[in-house]
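Encoded as structure tokens, the structure appears first; notes follow it.
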Amino acid sequence: MLSGAIASHVLWHQAPLQGYGSASFLFIAGTLVLVTAEKQARKRLALTGLIGFVAEVIGVHYGWLFGRYSYTEVLAPNWLGAPIVMICAWFILIGYVNQMLLQFQIAAWIEVCIAGAWMTVIDLLIDPLAAHPFKYWNWIETGSYYGIPLRNFFGWFVVSVMIFSVEKLFFRTRKAQNQ
């Protein structure tokens with residue numbers, strides 16, 4: 001998904017699926033993740049998506065998680081100031097990181113920290129494209145990283161660690177299972 005968006009921007013100097021297509025693309029990708037996941041994983045993914053969405057709503061209204069920003073209409077429809085499709089975006093990324101960490105036999109707390117760092121690195125790649133050429137959101141409070149405040153990435157780490165901790169606490173995922 002990210003590579004297609006980058007290629008579209010580089011080759012044609014435009015955002016792929018401009019307009020409501022971007023939201024549709026995320027929704028379809030999220031649906032595919034849910035449909036192909038096992039029943040227990042679907043519950044976990046839905047919960048993690050909701051936690052991520054609540055973080056987005058808090059971030060948009062209060063600015064203290066990620067910095068001050070607002071969503072545009074590109075990913076509409078919005079609810080409580082955040083695009084509903086962000087639920088899918090969060091659980092797609094969480095599912096991806098969980099799947100990539102399956103092969104490692106490490107302590108849960110180390111896995112949670114690695115997962116949080118991995119999610120933050122993903123945001124370091126996504127945010128400059130999403131905010132600027134794709135115009136999914138606007139940064140009101142700017143910063144030194146492509147106009148993005150550094151506390152956004154700290155917020156992503158904290159929210160991601162919280163999500164992965166909730167997963168470990170409530171779902172006690174086993175390495176032998178498909179995540």
Side-chain angles (χ1 to χ4, degrees), residues 1-3 5-6 9-10 15-16 22-23 25-27 29-30 33 44-101 106-170:
M1 177 166 62
L2 178 60
S3 60
I6 293 170
H9 178 68
V10 169
S22 298
F25 186 63
L26 271 174
F27 178 76
V33 168
R44 189 181 77 249
L45 290 169
L47 177 62
T48 60
L50 287 173
I51 293 170
F53 182 76
V54 168
E56 297 289 346
V57 170
I58 291 169
V60 166
H61 289 283
Y62 302 105
W64 52 267
L65 285 172
F66 309 111
R68 304 231 357 107
Y69 67 105
S70 64
Y71 280 98
T72 66
E73 292 300 314
V74 175
L75 296 176
N78 294 349
W79 183 52
L80 301 173
I84 297 168
V85 77
M86 291 308 289
I87 295 169
C88 294
W90 274 96
F91 72 65
I92 289 167
L93 294 176
I94 297 291
Y96 160 72
V97 171
N98 269 331
Q99 195 67 34
M100 298 311 294
L101 289 173
I106 52 180
W109 72 271
I110 294 173
E111 184 174 327
V112 165
C113 290
I114 291 171
W118 201 326
M119 289 287 290
T120 304
V121 168
I122 291 170
D123 195 47
L124 283 163
L125 298 172
I126 291 174
D127 214 298
L129 290 170
H132 300 300
F134 300 157
K135 296 178 176 48
Y136 293 166
W137 53 82
N138 295 312
W139 284 102
I140 298 162
E141 172 187 329
T142 60
S144 60
Y145 184 77
Y146 295 97
I148 303 160
L150 294 179
R151 74 183 193 153
N152 169 63
F153 305 110
F154 177 75
W156 256 73
F157 179 78
V158 169
V159 170
S160 298
V161 163
M162 184 180 73
I163 288 172
F164 285 101
S165 296
V166 166
E167 276 193 333
K168 295 291 179 201
L169 184 63
F170 290 110

Next item on the list: Kindly indicate, with the supporting measurements, whether the criterion side-chain contact (heavy atoms from CB on, under 4.5 Å) is fulfilled by L101 and I114.
Entry: CA-CA 9 Å; L101 289 173; I114 291 171; 3.9 Å; yes
Next item on the list: Kindly give the heavy-atom pair with the smallest separation between H61 and L80, and that separation in Å.
Entry: NE2-O, 2.7 Å
Note to self: Tell me every residue that passes ring pair (Phe, Tyr, Trp, His ring centres under 6.0 Å) with F157, counting only those two or more places apart in sequence or in another chain.
What the structure shows: none
Checklist line | salt bridge (charged side-chain N to carboxylate O under 4.0 Å, His left out): pairs with one or both residues in residues 140-158, sequence neighbours excluded | finding: E141-R151
Next item on the list: For L45 and F91, work out which heavy atoms get closest and say how close.
Entry: O-CB, 3.2 Å
Notebook entry, point to check: Looking at CG of L93 and SG of C88, how far apart are the two atoms once the value is rounded to the nearest 0.5 Å?
Noted result: 11.0 Å
Check: Where is the tightest heavy-atom contact between V97 and F164, given as atom of each residue plus distance?
Finding: CG1-CZ, 3.7 Å
Next item on the list: Mind running side-chain contact (heavy atoms from CB on, under 4.5 Å) on S144 and L150 for me, showing each step along the way?
Entry: CA-CA 7 Å; S144 60; L150 294 179; 3.8 Å; yes
Next item on the list: State, with a plain yes or no, whether a side-chain heavy atom of Y71 is found less than 4.5 Å away from one of N138.
Entry: no
Indicate every side-chain donor-acceptor pair of residues 125-133 with a distance under 3.5 Å to a residue at least two apart or in another chain.
unit_1, atom_1, unit_2, atom_2, d
D127, OD1, W137, NE1, 3.2
D127, OD1, W139, NE1, 3.0
D127, OD2, N152, ND2, 3.3
H132, NE2, Y146, O, 2.5

Checklist line | Gap separating the CD1 atom of I140 from the OH atom of Y69, nearest 0.5 angstrom | finding: 10.0 Å
Margin query: Would you say the rings of W156 and W118 are close, in the sense that their centroids are separated by under 6.0 Å?
Written below: no
Checklist line | Near-ring test F66/F153, centroid separation under 6.0 angstrom | finding: no
Next item on the list: For I94 and M119, work out which heavy atoms get closest and say how close.
Entry: CD1-CE, 3.7 Å
Margin query: Would you say that P149 contacts F154 through its side chain, given a criterion of any heavy-atom pair below 4.5 Å between the two side chains?
Written below: no
Notebook entry, point to check: To the nearest 0.5 Å, how far apart are CD1 in I87 and OG1 in T48?
Noted result: 10.5 Å
Note to self: Please determine whether side-chain contact (heavy atoms from CB on, under 4.5 Å) holds for the pair V166 and I51, giving the CA-CA distance in whole Å, both sets of side-chain angles, and the decisive distance to 0.1 Å.
What the structure shows: CA-CA 10 Å; V166 166; I51 293 170; 4.0 Å; yes
Note to self: If you compare all heavy atoms of K135 against all heavy atoms of V74, which two are closest, and at what distance to 0.1 Å?
What the structure shows: O-CG2, 3.4 Å
Note to self: On a heavy-atom basis, which atom in V60 and which in R68 lie closest, and how many Å separate them?
What the structure shows: O-NH1, 4.5 Å
Item checked: Trace of the side-chain contact (heavy atoms from CB on, under 4.5 Å) decision for W90 with V159 -> CA-CA 11 Å; W90 274 96; V159 170; 3.6 Å; yes
Next item on the list: Fit a plane to each ring of Y136 and F134, take the angle between them on a 0 to 90° scale, and name the class: parallel (under 30°), tilted (30 to 60°) or perpendicular (over 60°).
Entry: tilted
Check: Around Y145, counting heavy atoms of other residues, nucleotides and ligands shown, do more than 12 lie under 6.0 Å from its OH?
Finding: yes
